Amino acid sequence: MKYKAKQVIIDSGLSEERVAILENNKLVEIHIERLEDRKIIGNIYKGKVMNVLPGIEAAFVDIGIDRNAFLHLSDLEQSLGNQNGKSVDVKELIKVGQEIDVQVVKEAIMPKGARVTTEISLPGRYLVLMPNNKGIAVSRRIEQEEEKERLKKILQKIKKKEFGFIVRTAGVGKDEADFIPDMDLLIRLWNKIQKRSQRSKAPMLLHEDLNLTYRIIRDLFTEDIDEFVVNSKKEYQKIISFLDTLFLLDLKPRVSYYNGDKPIFEEYNIEKEIHRALEKKVWIKCGGYLVFDEVEALTVIDVNTGKYVGGKKMKNTILKTNLQAAEEIARQLRLRDIGGIIVIDFIDMDNKEDQEKIIKKLEEALKKDKTKSNIVQTTELGLVEMTRKRSKRDLDSLLRTSCPYCSGNGRILSTETVSNQVIHKLEDLSKHSKAEAIFLGVNPKVEEELSGSKMMLIKQLERDYQKAIYIKGLNDLHIEKIKVIAVGRKKEIKKIVKVL
């Protein structure tokens with residue numbers, strides 16, 4: 001495979017979209033958005049306050065989804081008038097029955113509901129509009145002071161007084177002419193949202209953020225992306241049109257349509273990496289390994305030398321293992337999307353200089369991660385404590401559920417995940433086979449999942465590829481397994497279906 005520094009690989013399927021980010025041909029991020037479970041982070045709602053709890057300085061707001069959203073006092077004060085820093089009772093700021101515009105900043109993660117804020121922000125390509133804040137800021141990821149000052153001067157010159165803006169990292173090196181269209185687009189969008197809010201009664205969705213592929217284009221597709229590959233011709237054409245809309249003509253040659261024989265995630269070795277990201281043990285290059293133990297509020301990562309014996313000096317062996325571990329830990333945190341409190345047990349080192357090298361290596365590796373993290377301290381026992389912002393479900397909870405075969409002590413792929421794999425399998429077989437019919441065997445629970453809304457997707461495949469598709473629940477088949485029973489002439493396969 002040709003070497004690429006940074007790639008975006010999109011698997012656009014009927015039941016879900018999957019986006020993989022590769023750096024140096026290595027998977028570092030995986031994003032999944034399912035048809036039946038669209039992401040709500042970034043959505044703006046007109047909500048109705050259902051309950052105010054002064055004891056926890058919070059309110060619960062009905063935004064029209066399953067559970068009421070959580071609104072903390074800290075997400076209320078500035079936009080609703082408390083800007084003088086004085087202590088305030090939440091009941092003075094908000095009342096039961098009051099209708100307010102809020103934005104989702106954190107998805108519902110069982111058992112908690114979504115978290116919302118009144119500090120609304122609208123991201124564009126180069127700017128973020130802050131309608132309730134009149135200031136100017138520059139992304140903290142832009143470190144050069146000279147560039148920060150240059151960008152601030154441009155914004156001071158062109159911005160309207162009633163709005164605040166933040167320059168995104170994609171704005172580095174851009175000029176006034178680049179920012180004006182982005183600013184105008186965001187202001188027009190905000191005016192539309194306000195008009196919709198004035199006409200609407202809570203609860204009401206006022207603005208829905210872009211779907212996964214187009215958020216990736218808006219937020220991540222910059223000049224440092226060498227290749228942007230998608231496996232759908234229709235989606236490829238839409239992406240090209242979207243780049244035209246954003247005036248990103250220079251990036252169009254980097255987008256390509258994949259039409260190979262293998263599924264796109266297999267071609268780029270992504271499927272194997274996803275499975276590895278669900279395992280407890282992760283091997284590192286030198287022969288050492290990491291062990292991930294996750295509980296509800298904490299993730300513990302243990303570093304071991306494993307097969308690596310190194311040279312003559314044990315000190316050098318330990319240092320090399322810990323340095324490689326620090327880099328791999330940062331990658332795995334991104335890939336698994338682990339949030340909350342994280343404790344890392346590096347191999348013990350007596351030398352303070354070596355300890356500092358490990359922390360520095362970890363900090364450098366974490367800079368590649370868009371999600372905010374913070375190394376809190378190194379304990380007397382040599383444990384490194386850190387936090388990483390949690391805004392959505394991690395990869396494990398997204399793809400797997402408690403195992404019914406072992407009373408919940410283990411984890412297996414959920415019926416939802418396996419049913420999506422069935423759709424992927426059917427798409428692949430339909431695309432690359434001239435057969436009239438396809439017959440698959442699945443676990444009865446997966447068959448039940450497929451008999452719901454996904455049956456429409458199967459019917460769509462039948463129409464698109466002019467094939468007959470048969471699916472049978474097999475009691476003795478493991479819930480994660482998909483069995484290709486037969487692919488061939490419709491008449492012959494119908495006979496097999498009757499027998500089974």
Side-chain angles (χ1 to χ4, degrees), residues 1-13 16-33 141 169-170 212-213 215-217 219-232 235-236 239 243 250-279 281-290 292 301 306-308 320-321 323-338 361-371 373 394-396 398-399 421 424 428:
M1 188 183 293
K2 191 178 177 183
Y3 175 83
K4 300 281 184 180
K6 199 166 182 180
Q7 300 157 287
V8 176
I9 312 298
I10 299 179
D11 178 17
S12 179
E16 65 182 4
E17 277 184 301
R18 299 188 297 172
V19 177
I21 313 295
L22 277 65
E23 291 177 0
N24 303 322
N25 290 339
K26 244 182 162 183
L27 182 65
V28 293
E29 289 180 31
I30 181 75
H31 303 268
I32 299 172
E33 190 165 275
R141 294 175 72 86
T169 50
L212 178 58
T213 295
R215 289 198 309 274
I216 292 291
I217 293 170
D219 300 340
L220 292 179
F221 194 10
T222 54
E223 285 78 7
D224 67 336
I225 302 289
D226 297 300
E227 189 176 39
F228 195 104
V229 191
V230 61
N231 65 339
S232 161
E235 204 63 27
Y236 166 78
I239 289 166
L243 290 171
D250 292 346
L251 295 179
K252 284 165 68 174
R254 304 185 190 202
V255 182
S256 60
Y257 165 54
Y258 173 80
N259 192 27
D261 293 334
K262 285 185 186 177
I264 190 168
F265 270 25
E266 282 185 27
E267 175 66 24
Y268 285 86
N269 203 35
I270 295 165
E271 214 70 74
K272 284 181 182 176
E273 283 296 314
I274 293 172
H275 286 298
R276 286 194 190 112
L278 298 174
E279 294 174 358
K281 185 183 281 189
V282 177
W283 291 95
I284 52 181
K285 197 184 293 182
C286 67
Y289 64 89
L290 316 173
F292 286 76
I301 306 169
K307 300 172 187 175
Y308 182 54
K320 185 175 180 180
T321 304
L323 285 169
Q324 288 190 11
E327 204 160 352
E328 185 61 25
I329 285 166
R331 182 176 87 96
Q332 290 292 329
L333 293 179
R334 286 173 74 188
L335 180 53
R336 296 169 187 240
D337 212 356
I338 294 170
K361 173 64 80 174
L362 183 60
E363 286 173 340
E364 285 173 2
L366 288 169
K367 282 181 182 179
K368 299 174 185 176
D369 188 357
K370 281 201 306 93
T371 301
S373 59
D394 61 32
L395 187 66
D396 184 78
L398 179 66
L399 296 182
Q421 289 181 348
H424 283 296
D428 187 47

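Treat the numbers as computed from the prediction; the structure is a model and nothing was measured. Side-chain atoms are counted along with the backbone in the values below, which use heavy atoms only and exclude waters and symmetry mates.
- Contact annotation: the side chain of Leu333 never approaches that of Thr371 to less than 4.5 Å [non-hydrogen atoms, C-beta and beyond].
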(request) Show your working on side chain to side chain contact (heavy atoms under 4.5 Å, CB included) between Val8 and Phe221 and close with a plain yes or no. (result) CA-CA 8 Å; Val8 176; Phe221 194 10; 5.8 Å; no

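- Here Asn259 pairs with Tyr257 under the side chain to side chain contact (heavy atoms under 4.5 Å, CB included) rule; sequence neighbours left out.
- Counting only heavy atoms from C-beta outward, the side chains of Val229 and Gln7 never approach each other to under 4.5 Å.
- The distance from the CD atom of Gln324 to the SG atom of Cys286 is 4.0 Å, given to the nearest 0.5 Å.
- Minimum heavy-atom separation, Ala20 to Ile270: CB-CD1, 3.6 Å.
- Between Leu243 atom CG and Arg254 atom CZ the span is 11.0 Å, to the nearest 0.5 Å.
- The minimum heavy-atom distance linking Leu290 with Ala325 is given by the pair CD2-CB, 3.7 Å.
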(request) Could you walk me through whether Ile301 and Gln332 pass side chain to side chain contact (heavy atoms under 4.5 Å, CB included), step by step? (result) CA-CA 11 Å; Ile301 306 169; Gln332 290 292 329; over 6 Å; no

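- When each of Val230, Ile9, Ile216 is tested with Val19 by the rule side chain to side chain contact (heavy atoms under 4.5 Å, CB included), just one qualifies, namely Ile216.
- Shown here are the side chain to side chain donor-acceptor pair (under 3.5 Å) partners of Glu271, two or more places apart in sequence or in another chain: Arg18.
- Scanning all heavy atoms of the two residues, the minimum distance from Glu327 to Ala365 falls at CA-CB, 4.2 Å.
- When the side chain to side chain contact (heavy atoms under 4.5 Å, CB included) test is applied to Asp394, the partners found at least two apart in sequence or on another chain are Glu294, Asp396, Ser397.
- For the pair Leu220 and Ile225, the tightest heavy-atom approach, listed with the atom from each and the gap, is O-CG1, 3.6 Å.
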(message) With salt bridge (Lys or Arg N to Asp or Glu O under 4.0 Å) as the criterion, how do Arg215 and Glu33 come out once you've worked through the C-alpha distance, each side chain's angles and the decisive distance to 0.1 Å?
(response) CA-CA 11 Å; Arg215 289 198 309 274; Glu33 190 165 275; 3.1 Å; yes

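- Note that the OH atom of Tyr268 and the CD atom of Glu227 stand 4.0 Å from one another [nearest 0.5 Å].
- Checked for salt-bridge contact, Glu23 and Arg334 meet the test: a charged N lies under 4.0 Å from a carboxylate O.
- A search for side chain to side chain contact (heavy atoms under 4.5 Å, CB included) contacts involving Asp224 returns Lys6, Thr222, not counting sequence neighbours.
- Smallest separation of non-hydrogen atoms from Lys370 and Arg141: CA-NH1, 3.7 Å.
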(request) Please test Leu251 against Ile217 for side chain to side chain contact (heavy atoms under 4.5 Å, CB included), starting from the C-alpha separation and ending with a verdict. (result) CA-CA 10 Å; Leu251 295 179; Ile217 293 170; over 6 Å; no

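- Counting non-hydrogen atoms of neighbouring residues, nucleotides and ligands closer than 6.0 angstrom, the NZ atom of Lys272 reaches no more than 12 such neighbours.
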(request) Please step through side chain to side chain contact (heavy atoms under 4.5 Å, CB included) for the pair Ile10 and Tyr258, ending with a clear verdict. (result) CA-CA 9 Å; Ile10 299 179; Tyr258 173 80; over 6 Å; no

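- From Phe265, atom CZ reaches atom NE2 of His424 across 8.0 Å, with rounding to the nearest 0.5 Å.
- Listed by chain and residue number, Leu27, Arg276, Arg331 satisfy the side chain to side chain contact (heavy atoms under 4.5 Å, CB included) test with Glu273 (two or more places apart in sequence, or in another chain).
- Atom CD of Glu266 sits about 10.0 Å away from atom CG of Asp11, to the nearest 0.5 Å.
- Taken from CG in Asn269 to CG in Asn25, the straight-line distance is 9.5 Å, to the nearest 0.5 Å.
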(message) What verdict does the side-chain hydrogen bond (donor to acceptor under 3.5 Å, both in side chains) test give for Glu29 and His31, after you've listed the backbone C-alpha separation in whole Å, the side-chain angles of each residue and the deciding distance to 0.1 Å?
(response) CA-CA 7 Å; Glu29 289 180 31; His31 303 268; 2.8 Å; yes

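- For Lys26, the salt bridge (Lys or Arg N to Asp or Glu O under 4.0 Å) test picks out Glu328, with sequence neighbours left out.
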